[in-house]
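Since the structure comes first, as structure tokens, the remarks are kept for the end.
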There are 2 protein chains.
Amino acid sequence: MNQNKIPQATAKRLPLYYRFLNNLHIQGKSRVSSKELSEAIKVDSATIRRDFSYFGALGKKGYGYNVEYLLGFFRKTLDQDENTPVALIGVGNLGTAFLNYNFTKNNNTKIEMAFDADKRKVGKTIGDVQIYHIEDLEDNLENISVAILTVPVSEAQNITDRLINAGISGVLNFTPARITVPEHVRVHHIDLAVELQSLAYFMKHYPLEHEEEQ
Amino acid sequence: MNQNKIPQATAKRLPLYYRFLNNLHIQGKSRVSSKELSEAIKVDSATIRRDFSYFGALGKKGYGYNVEYLLGFFRKTLDQDENTPVALIGVGNLGTAFLNYNFTKNNNTKIEMAFDADKRKVGKTIGDVQIYHIEDLEDNLENISVAILTVPVSEAQNITDRLINAGISGVLNFTPARITVPEHVRVHHIDLAVELQSLAYFMKHYPLEHEEEQ
DNA sequence: TAAATGTCGTGAAATTATTCACTTAATCCA
DNA sequence: TGGATTAAGTGAATAATTTCACGACATTTA
């Protein structure tokens with residue numbers, strides 16, 4: 001595989017490309033240029049061409065990219081065929097939002113089960129996903145490698161430790177806690193307060209220049 | 001001001017530093033080193049020292065940083081005194097999560113009002129925030145510069161246009177739509193599906209190396 | 001007081017990412 | 001068919017970010 005040659009910045013944009021191509025395909029468009037893509041997803045066209053070029057020559061000069069071909073290519077590259085099973089930990093408002101969000105639609109991730117500490121929620125189903133009690137975490141987490149963590153910050157590290165013990169190797173952490181994990185576990189943090197505050201900071205201090213932001 | 005000298009990557013970490021220092025202060029710690037900070041927030045210690053150095057010499061050799069002093073400094077720098085008023089657009093599960101999240105706690109942003117298209121929600125209050133009908137957007141959005149966008153993707157561009165017309169200059173966009181805005185408006189995208197998919201991709205293709213992310 | 005230790009601040013190097021601008025090839029159109 | 005146009009792919013330049021590694025100085029300890 002050529003995975004290690006692909007810059008991280010590029011890898012982060014792949015899902016974005018994939019989804020947009022999928023939309024184009026659904027709309028019946030058969031052809032797209034890096035310029036069009038650029039305008040739609042707000043990434044410089046040279047960056048898009050460079051990103052694609054890491055995978056080889058996917059387009060045609062004077063023509064652009066064939067949507068169906070490119071989509072098929074990304075489908076393979078992003079392992080769209082193979083589903084990644086996900087567990088949701090913490091069924092509060094944010095957790096519920098995830099359960100109702102239909103990820104599987106144009107995405108290879110699927111929330112298979114959810115856990116919560118509130119006994120009143122246990123046994124219920126939201127968006128087809130069964131809710132278990134957090135005490136039963138270890139008994140149910142089989143074949144699941146990714147967890148979405150939407151629990152109170154005070155529980156974050158403790159539950160993370162249990163998740164890792166139970167075999168999880170990727171965590172999407174929505175708590176403000178900067179959790180500690182072993183080397184082989186990957187954590188992505190999404191910190192809503194930080195995002196909001198950082199937006200406010202940028203607005204005040206970088207008033208004129210304009211570039212889109214992750 | 002020295003804002004323009006500060007790299008964007010540094011600016012993005014500032015809220016993180018601020019919050020962690022605040023926690024230290026609450027815990028009664030009076031002193032901290034870049035190494036300790038590094039272990040807690042998973043950012044390389046040299047990066048932390050470099051980040052701080054953009055603001056001048058804030059520490060003392062052989063000692064570290066004085067928590068209270070540093071906190072006070074960041075409070076000023078991040079304009080913690082001055083609140084940024086925020087409007088929430090779309091009171092679904094995700095929107096509700098925001099309303100219940102107590103941002104103002106150690107944060108200078110405050111959700112002042114919310115809007116939704118569902119008449120049953122209008123007039124209610126969640127977490128002290130009044131919900132208005134989306135039709136009345138323009139009438140109520142006064143003195144608000146930031147919007148959190150948690151509406152269905154189909155409405156995203158249309159509502160964004162209205163928001164900008166009503167004077168908003170920053171948008172925290174949680175919809176998958178890559179919205180188009182004029183030069184003076186800043187948009188930060190947080191795309192939950194992309195985050196999840198990109199985590200899965202990194203897990204599969206960058207198996208051994210380990211660095212914290214985002 | 002003197003030696004040992006700790007830790008900042010930072011030049012310089014290394015790494016990573018973006019952007020420019022040009023060559024080349026395919027398409028489009030008259 | 002042939003000239004004009006379009007747009008990919010990419011070498012090279014530039015920019016941004018991180019990291020190394022060390023000098024200098026404060027603190028701590030004996």
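The figures that follow rest on heavy atoms only: side chains count, while hydrogens, waters and symmetry mates do not. A, B, ... follow the sequence lines: proteins, then strands. Residue 1 opens every chain.
- Salt bridge present: A:Lys29 and A:Glu36 bring a charged side-chain N and a carboxylate O closer than 4.0 Å.
- Using bins of under 30°, 30° to 60° and over 60° for the plane-to-plane angle, the ring pair B:Phe174/B:Phe98 lands in the perpendicular bin.
- Heavy atoms of B:Phe52 sit nowhere under 4.0 angstrom from any nucleic acid atom.
- For B:Arg19 and A:Asp191, the salt-bridge test passes: some basic side-chain N is under 4.0 Å from an acidic carboxylate O.
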With B for base contact, S for sugar-phosphate-only contact and - for none (protein heavy atoms under 4.0 Å), nucleotides 20-30 of chain C reads -B--BBBSS--
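- Straight-line distance from the NZ atom of A:Lys42 to the P atom of C:dT18: 18 Å, rounded to whole Å.
- Rounded to an integer number of Å, the gap from CD1 of A:Ile6 to C1' of C:dA17 is 15 Å.
- Using a 4.0 Å heavy-atom criterion, one finds that B:Ser45 contacts no nucleic acid atom at all.
- At a threshold of 4.5 Å between non-hydrogen side-chain atoms, the residues B:Thr180 and A:Lys42 count as touching.
- You can see that DNA chain D meets the heavy atoms of chain A within a 4.0 Å-exclusive cut from D:dT6 to D:dA12, reading 5' to 3'.
- Within 4.0 Å of A:Ser34, counting heavy atoms only, lie sugar-phosphate atoms of the nucleic acid but no base atom.
- Salt bridge annotation for B:Glu82-A:Lys204: present, with a cationic side-chain nitrogen under 4.0 angstrom from a carboxylate oxygen.
- Rounded to whole Å, the distance from CD1 on B:Ile48 to P on C:dG9 is 12 Å.
- With the nearest nucleotide of DNA chain C identified for both B:Ser53 and B:Glu36, B:Glu36 has the one nearer the 5' end.
- Taking atom OH of residue A:Tyr54 and atom C1' of nucleotide C:dT18, one finds them 9 Å apart after rounding to whole Å.
- Annotation: cation-pi pair A:Arg31/A:Tyr65 absent, no NZ/CZ under 6.0 Å from the ring centroid and within 45° of its normal.
- Here A:Asn93 pairs with B:Thr96, B:Ala97, B:Asn100 under the side chain to side chain contact (heavy atoms under 4.5 Å, CB included) rule; sequence neighbours left out.
- When the C1' atom of C:dT19 is taken as reference, atom CG of A:Asp51 falls 12 Å away, rounded to whole Å.
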Determine whether A:Leu137 and A:Ile89 satisfy the following criterion, side chain to side chain contact (heavy atoms under 4.5 Å, CB included), listing intermediate values before the conclusion. CA-CA 9 Å; A:Leu137 194 66; A:Ile89 322 295; 4.0 Å; yes
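- Ring pair B:Tyr201/B:His205 is parallel by interplanar angle, where below 30° counts as parallel and above 60° as perpendicular.
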